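A short write-up of the structure that comes next.
Below, chain A is the first sequence line, B the second, and so on; all start at residue 1. What you see is a predicted model; the values in this text were computed from it and never measured. When reading the values below, keep in mind they use all heavy atoms of this one structure, side chains included, and skip hydrogens, waters and symmetry mates.
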Amino acid sequence: MALCTRRILQQFNVGVFRSQWHSVSSSSAPVMGSAKPAYLPESSEDLTSHEKTLKEVLKHPDFFKVAELFTVEDLFKARVHLGHKEGSVHVNMTPFLFGSRLGHVIIDLDQTAEYLRQALNFTAHIAFRGGIILFVNRTPQHQVTVENCAKECGEYAHTRFWYQGTLTNSAVSFGCITRLPDLLIFLNTLDTGLQQHTGVKDAAKMLIPTVGVVDTNCNPNLITYPVPGNDDTTASINLYCKLFKSAILRGKEKRKELLQL
Amino acid sequence: MNLKVTVARSLSSASFSTAADKADVTEPVEQSQKMSKAMKAYMERAQAHDAFMAEQIAEYEIGRRHLANIMGEDPETFTDEDKDRAIEYLFPSGLFDPRALPQMKHPSEVFFKRKAAEFDYSGRPFHALFYTGLPNYYQILHDITEKVQELDHFASRMSHFNVTQDTNKTMSFGGSEWLTKEEFEKKIVEAIKDYHYEFFVKSMNRLVAHPLSYREKDFIMSYRKEKVSALLLQEIPKLMFNAEGVPYMITTGRRKTSTATVTVYGRGSGKMTINNKDILFFSNIQDREQILFPLQFSGVLGTVDVVAEVEGGGTTGQSGAIRYAISMALRSFVDSEMVEKMRLAGLLTRDPRRRERKKPGQKGARAKFTWKKR
C-alpha cells in the first residue's frame with residue numbers, strides 16, 4: 001500500500017496546465033496565470049453602460065489584483081502545505097501533492113497558489129456583482145473565527161448542523177421564498193465524522209458554484225474552485241479567512257465605485 | 001441607494017414610506033438592469049408568489065361568501081367558527097383523523113408566507129447567520145464562545161501583570177435559575193428543540209464556571225430569573241383583635257381523618273384547652289408533645305393561650321391536626337425568619353398520608369400471605 005502510494009505521489013504536476021507551469025512564480029513575485037477568460041464579449045451596441053462595465057471587468061485576468069494578497073511564503077508560514085498521513089490520501093488529491101516526508105504528505109504550494117488565486121478572483125467577482133456568499137465550516141475550534149470573518153465582510157456563515165433541505169428545500173426550511181447563496185466557500189469540506197459536507201453535493205445540485213479548501217483526505221470532485229491546502233491548523237484557517245475577506249471587500253469596493261451600488 | 005421604485009412598492013409591506021418611495025422614477029429600465037440575474041430571479045419568484053397568494057385569497061373570500069349564502073347567514077358577520085361548522089354540516093364525514101376531514105382554510109395557513117422582514121429588497125437576509133435556520137439562537141452561542149475566549153485572554157493578561165483575582169467578586173448564581181425552554185423560546189422569538197435548549201444551558205454553565213464570569217454578569221443574568229421563595233408567595237393572614245384588644249388567630253388543621261379548629265390568643269400564659277378539657281385530653285405523652293412542639297420551637301410556650309376543638313379520627317390524627325393548626329396560626333405571631341425555620345422543620349406542611357386500603361389476595365395493604373415454596 002505504501003509503495004504504490006509513493007509511486008502515485010511521484011506523478012505530480014498533473015493539475016497544472018503546461019503553459020502555466022513556466023509562469024508559476026517563485027515565492028517573491030506573485031503573478032496571475034496567463035489563462036484567457038472563456039467568456040467572449042458580444043458587440044457592445046445594444047448594451048447599457050451597466051452591462052458594458054460588467055463585461056469589461058470580466059475581460060481582465062485579475063481585475064481585483066487578488067494575486068497581490070499573498071505569496072507562497074505566506075502559505076508556507078501558515079502551514080498550508082501540511083497534509084495528513086499517506087494512508088488517508090484521497091485518490092483525487094494525488095495530482096496536488098508535492099511528496100511525502102516520514103509518512104506525512106506535503107501539498108504542492110505552487111499549485112495551491114494558482115488555485116487560490118483563481119478562487120479569490122472568482123470570489124471577488126461574485127462580490128462585485130452583489131452575490132450572497134456563504135462561509136461553511138464544521139470544525140468547532142474555528143466556528144467563531146469563520147462567523148466573525150463573514151460578519152466583517154458583510155456576508156453569511158453557516159458553521160452549525162446543516163439541515164438537508166437548506167438549499168434543496170429552502171422554501172420549506174425557511175418557511176418562505178428565500179434567495180439562495182450565490183457562492184459557497186468551504187473552509188473545510190468535511191463534516192463532523194469525516195464525511196463530506198452535505199452542502200458540497202447540494203450546491204452542485206442547485207448549480208451554486210463552490211470554493212473549497214481541500215485537504216489530502218477530501219474529495220475535490222464536486223468543488224468548482226478547489227484549493228488544495230491544510231484545513232486543520234488555526235494559522236491556515238486564519239489566513240484563508242483573511243484572504244477571502246480581503247477579496248470580498250475589494251469586490252464590494254469596486255462595486256460601489258463602478259456600479260454605484 | 002437607488003431602487004426600482006415600482007418593484008420596491010409592491011414588495012415592501014411596511015406601513016411607513018421610505019425615501020425610495022418618494023424618489024423620481026427617472027430611468028426604471030436602467031435601474032432594473034443593475035440587478036444581477038440572481039436578484040432578478042428572486043424578485044420574480046417573490047412577485048409570482050405574491051400574485052399567487054392574492055389570487056388564492058380572492059378565491060377563498062368568494063368561497064366564504066358563497067358558503068354564508070348557502071347557510072342563509074350574513075356574509076359580513078360570518079366568523080371562522082361559523083365557517084367550520086358549515087363545512088362540517090355540508091360535508092359530513094365518517095373519518096376520525098382530523099387531517100382527513102374536509103377543511104376550508106385561509107391560504108396563509110396552507111401556503112408558506114413570504115416574510116418581508118427578514119430580507120432587504122434584493123433578497124439579502126439581514127442576519128449573518130440566517131442560513132442556519134436559527135439565527136438568534138446561534139448568535140447567542142457565538143456570543144458565549146467569544147466571551148469565554150475574552151475572559152481567558154483577560155485572565156492571561158492579569159497573570160502576566162501578576163494581578164491576583166479578587167475572590168470577593170466571584171459571582172454566585174445560587175439565588176437564580178435558568179429560564180425555562182418556553183421562556184427562552186419567547187425571548188429569542190424562535191422555536192427550538194429540547195437538545196438545542198440543553199446545549200444552550202450547558203454552554204452557559206461553562207461561561208458561569210469561569211472564575212471571571214462576574215465580568216459578564218449582565219449577559220448571564222439576562223437569561224436567568226430570580227428564584228422566588230415559596231414563602232413570599234404565601235400571604236400570611238393578619239392578626240385579629242377582640243374587644244379587650246387581645247390579638248388572636250383562628251385556623252383549621254387536618255390530619256388523617258381528624259379536623260381541628262384552633263384559636264391562638266396572644267398575651268397569654270400558656271393555657272391549653274382541647275374540647276373544653278385540659279392538655280390531659282390526650283392520655284399519651286407523644287400526643288401531648290406533638291401539640292406543644294410548635295409552641296416550644298417558636299419560643300412562645302408560656303406567652304400564648306390555645307383553645308382547640310377537634311373531632312374525627314384517633315389520638316394521633318387529632319394531635320397532628322391540632323399541631324398543624326397551631327403552627328399555621330403562629331405564623332401571624334412570629335417574624336418571617338422564624339416562619340422560614342418552621343417551614344424547614346416541617347411544621348407548616350400538611351401531612352397528606354391517609355390509611356392505605358387493604359387489597360384482596362393480600363393480608364393487608366402491603367403485607368402478603370405467607371409464601372410457601374410447595
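Within the 4.5 angstrom heavy-atom criterion, only side-chain atoms of A/T166, from C-beta onward, approach chain B. Using a 4.5 Å cut-off between heavy atoms, A/T53 makes no contact with chain B at all. Of the two parts of A/I132, the backbone and the side chain both hold a non-hydrogen atom closer than 4.5 Å to a non-hydrogen atom of chain B. Of the atoms belonging to A/A150, not a single heavy atom falls under 4.5 Å from chain B.
You'll find the side chain of A/W162 stays beyond 4.5 Å of the side chain of B/T132, heavy atoms only. The shortest distance between side-chain heavy atoms of A/V144 and B/Q149 falls below 4.5 Å. At a threshold of 4.5 Å between non-hydrogen side-chain atoms, the residues B/P125 and A/R179 do not count as touching.
Annotation for B/Y195: atom OH counts as buried by contact number, over 12 foreign heavy atoms lying within 6.0 Å. The environment of A/Q141 atom CD is dense: over 12 non-hydrogen atoms of other residues, nucleotides or ligands sit within 6.0 angstrom. Heavy atoms from other residues, nucleotides or ligands lying under 6.0 Å from NZ of A/K65 number 12 at most. With a 6.0 Å radius and a threshold of 12 heavy atoms from other residues, nucleotides or ligands, B/K105 has its NZ atom at or below the threshold. More than 12 non-hydrogen atoms from other residues, nucleotides or ligands lie less than 6.0 angstrom from CZ of B/R64. Counting non-hydrogen atoms of neighbouring residues, nucleotides and ligands closer than 6.0 angstrom, the NZ atom of A/K242 reaches no more than 12 such neighbours.
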Evaluation steps, side chain to side chain contact (heavy atoms under 4.5 Å, CB included), between A/T159 and B/H142: CA-CA 10 Å; A/T159 60; B/H142 173 95; over 6 Å; no
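How far CG of B/D143 is from CD of A/E147: 9.5 Å, rounded to the nearest 0.5 Å. Atom CG of B/L134 and atom CZ of A/R160 lie 10.5 Å apart (nearest 0.5 Å). The CZ atom of B/R124 sits 4.5 Å away from the CD atom of A/E155 when rounded to the nearest 0.5 Å. Residue A/Q143 holds its CD atom at 8.5 Å from CG of B/L141, rounded to the nearest 0.5 Å. Between the CZ atom of A/F174 and the CZ atom of B/F119 there is a distance of 8.0 Å, given to the nearest 0.5 Å.
The aromatic rings of B/Y131 and A/Y156 stand perpendicular to each other, their planes meeting at an angle above 60°, with 30° marking the opposite boundary.
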